[in-house]
Amino acid sequence: MNIKGIAVLGSTGSIGTQTLDVVRAFPDRFKVVVLTCGSNAELLVAQALEFSPKAVVITDTAQSDFVKSKLHHTSISVYSGMDALEEVVQFEEIAMVLNAIVGAAGLRPTVKAIASGKDIALANKETLVVAGELVMDLARKYQVKMLPVDSEHSAIFQCLAGEETNPIEKIYITASGGPFRGMNRSLLATVKKEHALKHPNWVMGAKITIDSASLMNKGLEVIEAKWLFDLEVDQVDVIVHPQSIVHSLVQFQDGSMKAQLGLPDMKLPIQYALTYPNRLQNSFERFNFLDYPQLTFEKPDLETFKNLALAYDSLRKKGNCACVLNAANEIVVDSFLKDKISFLGMSDVIEEVLAKVNYLARPSLDDYIETDYMARRIAKEIIN
Ligand code: NAD
Ligand code: MG
């Protein structure tokens, strides 16, 4: 059996640790070549001692000495800083890079991995939100696979297996609606981060949990799907499905619809991305219909949750708009988590930043990086 060399970027996060759970379940299938994290040095060291990768990266340079001191008796190389991510993804032992970094910080490592011919398992949706057209063009040029880890996109990808010659009429991305589903704006005016951090169905990192409460996560996923599956904006629809059992649906040109179902557990889409096109037997909990006698569907409320409307607008305007949306969102979410801005204030700031950053119709990678920087600066100015 071929052992697949993998790099796990963001290995200490919610997706990163669940990826290592999957790897642990199939020890003869995968060899971990690289592990990286932002600042959780203790966990990175523990993972390194367990999986013996060729190298680890801690992007927070202040912690690099700690990691080095803990691993000096091993043959594991220790790198630090953001640039190191772009270096380590090129190792020839790596066949696939699973990117579970949060935010636009994941873009440059993805681009470098693609240009080095590595298949990509993508959890870092922000890569495609910021620069979807450029990244997918590169993936075609270097003939690498882009395997979605996001559960909705994995669902669509699974529904498309065997349908290569059949055009998609449209897709429905399901949304749980988050903890504030059904609330109006006067109720939302009073919600705090403690409420927003309680997702009804999924346990995830802080940023995506806030994005789920504000529906920005669904907006980012619409943009991600447009590029991943090469669709027109109007072919991507969102339907609220509070039980999170139907992970998304594809409608073909004969009107037939395919859906992928399962319990809400990210290990399933992670495993599919790692083992595609194969399905390996595992012991994850199975779905029981009798636990879910009702699966319900409703329209998203775009007037209350303005972020989803802003994401559709940004996608329609093309150019660097979605990059601005994403950067402004990263700043407002961080500010909301620090109690510097209200829940509803987040959309207002994003809207203002979108109006202020210069529009670029055909941005290069450097243009995206500059746009990201400008949008963050303007968002911070508005908040402070
Ligand atoms: P998380 O915050 O739990 O983990 C993020 C990881 O990235 C950590 O290892 C952290 O150390 C590292 N990191 C953070 N900032 C960094 C930076 N600037 N540079 C380098 N590394 C950095 O996040 P998560 O919930 O695991 O989400 C990761 C990505 O996966 C996000 O793009 C998210 O939208 C996507 N995703 C997550 C879930 C989920 O269930 N958690 C589901 C679908 C998609
Ligand atoms: Mg998702």
Side-chain angles (χ1 to χ4, degrees), residues 7-21 34-48 56-61 63 67 79-86 88-89 98-110 120-130 147-157 173-178 197 199 201-212 214-225 228 238 241 244 246-248 260 264-270 273 326-327 329-330 333-334 337 372 376:
V8 184
L9 311 185
S11 64
T12 59
S14 163
I15 294 292
T17 52
Q18 292 181 84
T19 299
L20 294 179
D21 287 343
V34 163
L35 293 168
T36 86
C37 81
S39 58
N40 191 343
E42 300 258 2
L43 184 53
L44 183 70
V45 167
Q47 292 176 341
V56 298
V57 180
I58 180 140
T59 57
D60 177 3
T61 47
Q63 305 209 52
V67 177
Y79 296 74
S80 66
M82 288 302 290
D83 291 346
L85 295 174
E86 292 177 70
V88 297
V89 295
L98 187 140
N99 188 345
I101 290 174
V102 60
L107 172 62
R108 287 212 290 200
T110 311
I120 307 291
L122 193 68
N124 178 245
K125 63 191 82 183
E126 294 90 347
T127 280
L128 289 179
V129 173
V130 173
L147 300 156
V149 169
D150 215 344
S151 57
E152 295 78 1
H153 305 73
S154 175
I156 293 162
F157 187 67
I173 299 182
T174 51
S176 71
L197 284 170
H199 194 279
N201 305 335
W202 300 94
V203 180
M204 311 178 280
K207 193 254 178 186
I208 184 176
T209 306
I210 301 301
D211 284 348
S212 299
S214 71
L215 285 207
M216 181 54 94
N217 183 50
K218 227 28 72 175
L220 302 181
E221 290 184 353
V222 166
I223 301 172
E224 180 186 13
L228 207 45
V238 171
H241 167 48
S244 298
V246 177
H247 295 308
S248 279
Q260 186 262 340
D265 179 353
M266 288 306 297
K267 288 202 292 302
L268 218 151
I270 292 168
N326 178 72
N329 183 57
E330 288 191 34
V333 169
D334 185 60
L337 287 169
D372 178 82
R376 283 167 201 266

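Numbering of ligands and ligand atoms starts at 1, following listing order.
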Nearest to [atom], what protein heavy atom do you find, and at what distance?
| atom | answer |
| --- | --- |
| atom 4 (O) of ligand 1 | G13 CA, 3.2 Å |
| atom 10 (C) of ligand 1 | G38 N, 3.7 Å |
| atom 27 (O) of ligand 1 | I15 CG1, 4.3 Å |
| atom 9 (O) of ligand 1 | T12 OG1, 2.7 Å |
| atom 25 (O) of ligand 1 | G205 N, 2.9 Å |
| atom 35 (C) of ligand 1 | A123 O, 3.1 Å |

N99 and T110: side chain to side chain donor-acceptor pair (under 3.5 Å), yes or no, with the steps?
CA-CA 7 Å; N99 188 345; T110 311; 2.9 Å; yes

For [X], take its heavy atoms, then give the atoms of ligand 1 lying under 4.0 Å from any of them.
| X | value |
| --- | --- |
| I101 | 7 (O), 21 (N), 22 (C), 28 (C), 29 (C), 31 (C), 32 (O) |
| T59 | 19 (N), 20 (C) |
| A105 | 17 (C), 18 (N), 19 (N) |
| C37 | 11 (O) |
| M266 | 40 (O), 42 (C), 43 (C) |

First locate atom CE of M266, then atom OG1 of T17, and finally report the distance between them rounded to the nearest 0.5 Å.
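Nearest 0.5 Å value for the CE-OG1 distance: 11.5 Å.
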
Quick one: pull up CD1 in I270 and CD in Q18 and give me the separation to the nearest 0.5 Å.
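Rounded to the nearest 0.5 Å, the CD1-CD separation comes out at 5.0 Å.
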
Please determine if E126 and K207 form a salt bridge, counting it only when a charged side-chain N lies under 4.0 Å from a carboxylate O.
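Yes, charged N to carboxylate O under 4.0 Å.
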
Heavy-atom distance to [atom]: which of [options] wins?
| atom | options | value |
| --- | --- | --- |
| atom 40 (O) of ligand 1 | H153, E126, M204, M82 | M204 |
| atom 14 (C) of ligand 1 | V102, N99, D60, N124 | V102 |
| atom 6 (C) of ligand 1 | A100, S14, G106, G16 | A100 |
| atom 33 (C) of ligand 1 | L35, D150, T17, I208 | I208 |

Sub-3.5 Å N/O-N/O distance, Q18 and ligand 1:
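No; every N/O pair is 3.5 Å or more apart.
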
Using non-hydrogen atoms of the residue, decide whether K125 is closer than 4.0 angstrom to ligand 1.
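The answer is yes: ligand 1 sits under 4.0 Å from a heavy atom of K125.
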
Taking just the N, O or S atoms of [X], which one is nearest to the Mg ion (ligand 2)?
| X | value |
| --- | --- |
| E152 | OE1 |
| D150 | OD1 |
| E221 | OE2 |

Is a donor on one side and an acceptor on the other found under 3.5 Å between the side chain of Q63 and the backbone of S39?
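Present.
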
Do the side-chain N and O atoms of S244 and N201 include a donor-acceptor pair separated by under 3.5 angstrom?
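The criterion, which ignores hydrogens and geometry beyond distance, is satisfied for N201 and S244.
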
Residue pair S248 / T174: nearest heavy atoms and the distance that separates them:
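Answer, listing the atom of S248 first, then T174: OG-N, 3.3 Å.
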
